[in-house]
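One structure is given below, encoded as structure tokens.
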Amino acid sequence: MLLPALLAALAPITAGAQEAAPDLVFTGAITGADHQHYKPVPFDVPKGVERITVTLSYDKASKTVVDLGLWDPVRFRGWSGGTRDRFTIAPSDASPGYLPGALPAGRWQVMLGVPNARAGSKAAYRVTVAFDRGAVRHASAAIADPPIDRNPGWYRGDLHMHDAHSDGSCASQSGRRVPCPLFRTVEAAAKAGLDFVAVTDHNTTAHFSGLRELQPFFDRLLLIPGAEITTFGGHANLIGPRGFVDFRIGSRAVPDVRALQRAAAASGGLLSLNHPALPSGEACMGCGWTWPDTDWSAVTAIEAVNANAAEGPLAGIGFWYARLNAGHRLTGIAGSDNHDPDAPSGKAPIGRPTTVVHAANLSTDAILAGIRAGNVFIDVRGGAKRLLEVEGAAGGRVAAMGGTLDAAPETLLRIHARGVAGATAELIANGKPAQTQPIDGDDARLVFRLGRPGCGWAAVNVRDGAGHPLLIGNPIYLRCRSK
Ligand SMILES: [Zn+2]
Ligand SMILES: [Zn+2]
């Protein structure tokens, strides 16, 4: 009878994402002799480990109960009792009940506590230990595992916000302005009906453990860890890093902007330049992007719309279009840059603007891949399920936004727009308005014919009846024929 029960106990652990094999597996039995004793399971952590993830499974048929905890070579690192069959710990963050911090090489101990084991009983247990390092990453360490939604589709989110872990604030119980708890920020995002948020406190990872605590409760909202890398020469969101990235450009640790960009890429996150067209100087220190040696191939995205700035000289769109015209491939995204989930008037609430990403599923990896692929549009106002699908067609081939076509004499952009009846679709060719068409009806399809487009890029935006930007599409790249 033991074996089927053991398999049943193991099933929930392996039912999530496909999991790489753990580095260490310890099996044994809890017997009546272990009743009300602690049973250490020692293991050695080699140098260079960036995250440790532990699982426990055991046969519960004989009313045996096993608690779970962890000690590093010198100190206590956490305890989850009988409530958790898995935890993860890293320098930047840890599961609830566990303490993030350095992972020194040496002898660690998983600690099994046995509050109950009947006399004469024998319950098989299995402890696994998985190390993340370099390219080896274990899916079970993700903040949301498995994905919140396994279906491909358009997902709506806000990629820029702050809470008590940097300069976010809100009204306290008695109305005083206080650092605003992360919970309030995430709750406001859930109320806004978003599918995902990136919480991007300035230069820190202190909120990552909080996201781990909140994710199981907010099980319809993907929580993506992020950091606003805040330097003297500009701000960039690092979305989805695995840990801390040093922001001190000009220091020995980070000699120049390219060193920062290499570290950002190694962290697994994607880099997006925030509010890049703002002035930089005493009016707004380090706000605009001014690093001259930026490696544009290591920038994934530009915050084309920050808060309410969707047009005018301070909007990011002109900065983005200029880089596209210079031949760089950059996805235009948006963020509210919310600092108060109660969003007093004049400031953008969470979800305004919204970035809408076509992704393979609702997980951090898939949203990052979707932004990298560029099938993305910005909903300047958010708050509704507007849609802007753009498909390019040339020479018998098709491409979505972010894709590439060989420019042909008959190049078409087919538009599917929902929720914008009475608005105007505007074709942008290499940064300049080229054609417009009215959008009739709530579920509209229309086609732009690009005469002789040449090379460069084309995109479609939607303007409201007063001429203000409502939806902002990403480019389809038009490649010149090589002969
Ligand atoms: Zn900023
Ligand atoms: Zn910000």
Side-chain angles (χ1 to χ4, degrees), residues 92-94 96 100 143-144 148 156-230 235-241 244 247 272 274-275 278 283-287 303 305-310 314 333-355 364 378-384:
S92 56
D93 60 270
I143 286 180
I148 303 279
R156 289 158 207 279
D158 186 341
L159 291 165
H160 190 165
M161 62 194 65
H162 301 272
D163 62 90
H165 291 279
S166 56
D167 50 354
S169 66
C170 56
S172 71
Q173 277 189 308
S174 63
R176 287 187 307 124
R177 187 135 290 268
V178 295
C180 199
L182 176 61
F183 180 82
R184 297 279 335 278
T185 296
V186 174
E187 188 177 52
K191 281 191 182 141
L194 297 177
D195 300 311
F196 65 88
V197 285
V199 182
T200 53
D201 282 304
H202 292 285
N203 286 342
T204 187
T205 59
H207 52 299
F208 288 15
S209 289
L211 295 175
R212 284 193 182 277
E213 180 187 349
L214 297 176
Q215 182 67 85
F217 180 80
F218 291 97
D219 54 0
R220 293 199 293 253
L221 172 66
L222 174 68
L223 305 181
I224 300 175
E228 184 167 11
I229 304 284
T230 305
H235 300 182
N237 268 354
L238 182 58
I239 301 170
F244 172 71
F247 52 90
S272 169
N274 294 346
H275 43 70
L278 285 183
C284 193
M285 280 165 276
C287 291
E303 191 180 60
V305 182
N306 174 277
N308 296 315
L314 300 185
I333 62 172
S336 67
D337 207 353
N338 181 278
H339 284 68
D340 179 352
D342 300 326
S345 58
K347 299 274 177 68
I350 290 171
R352 178 192 174 108
T354 299
T355 303
T364 293
I378 296 165
D379 186 329
V380 171
R381 288 178 206 157

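Worth knowing before you read on, the calculation uses all heavy atoms, side chains too, and leaves out hydrogens, waters and symmetry mates.
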Sequence neighbours excluded, every pair satisfying disulfide (SG to SG under 2.5 Å) that has a member inside residues 158-215
Cys170-Cys180
Apply ring pair (Phe, Tyr, Trp, His ring centres under 6.0 Å) to His162 and list each qualifying residue two or more places apart in sequence or on a separate chain.
His160, His202, His339
By ring pair (Phe, Tyr, Trp, His ring centres under 6.0 Å), which residues pair with Phe218, not counting sequence neighbours?
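Listed in chain order: Phe183.
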Once salt bridge (charged side-chain N to carboxylate O under 4.0 Å, His left out) is applied, do any residues pair with Asp379, and if so which ones, sequence neighbours excluded?
Arg386
First locate atom [atom1] of [X], then atom [atom2] of [Y], and finally report the distance between them rounded to the nearest 0.5 Å.
{"X": "Thr355", "Y": "Phe196", "atom1": "OG1", "atom2": "CZ", "answer": "6.0 Å"}
{"X": "His235", "Y": "Cys287", "atom1": "NE2", "atom2": "SG", "answer": "5.0 Å"}
{"X": "Leu182", "Y": "Glu187", "atom1": "CG", "atom2": "CD", "answer": "11.0 Å"}
{"X": "Leu238", "Y": "Phe244", "atom1": "CG", "atom2": "CZ", "answer": "11.0 Å"}
{"X": "Asn237", "Y": "Thr200", "atom1": "CG", "atom2": "OG1", "answer": "4.0 Å"}

So, Asn274 and Glu228: side-chain donor and acceptor under 3.5 Å apart, yes or no?
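There is such a pair (donor and acceptor under 3.5 Å, judged by atom type) between the side chains of Asn274 and Glu228.
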Tell me which one of Asp158, Thr354, Asn306 satisfies side chain to side chain donor-acceptor pair (under 3.5 Å) with Ser336.
Asp158
Do Leu221 and Val186 come close enough that some side-chain heavy atom pair is under 4.5 Å?
yes
Do Pro225 and Phe208 have side-chain heavy atoms sitting under 4.5 Å apart?
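Sidechains of Phe208 and Pro225: in contact.
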Should the pair His165 and His207 be assigned to parallel (<30°), tilted (30 to 60°) or perpendicular (>60°) ring geometry?
tilted
Taking side chain to side chain donor-acceptor pair (under 3.5 Å) as the definition, give me every residue that meets it alongside Asn338, ordered by chain and number, with sequence neighbours left out.
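Asn338: no side chain to side chain donor-acceptor pair (under 3.5 Å) contacts found.
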Go through the steps to decide whether Lys347 and Asp337 satisfy the test salt bridge (Lys or Arg N to Asp or Glu O under 4.0 Å), and finish with yes or no.
CA-CA 9 Å; Lys347 299 274 177 68; Asp337 207 353; over 6 Å; no
Taking everything shown except Arg176 itself, do over 12 heavy atoms lie less than 6.0 Å from its CZ?
no
With sequence neighbours excluded, what pairs up with Ala144 under the side chain to side chain contact (heavy atoms under 4.5 Å, CB included) test?
Ile148, Gln215, Leu222
Evaluate Asp93 against Ser209 for side chain to side chain donor-acceptor pair (under 3.5 Å), listing each step before the verdict.
CA-CA 5 Å; Asp93 60 270; Ser209 289; 5.3 Å; no
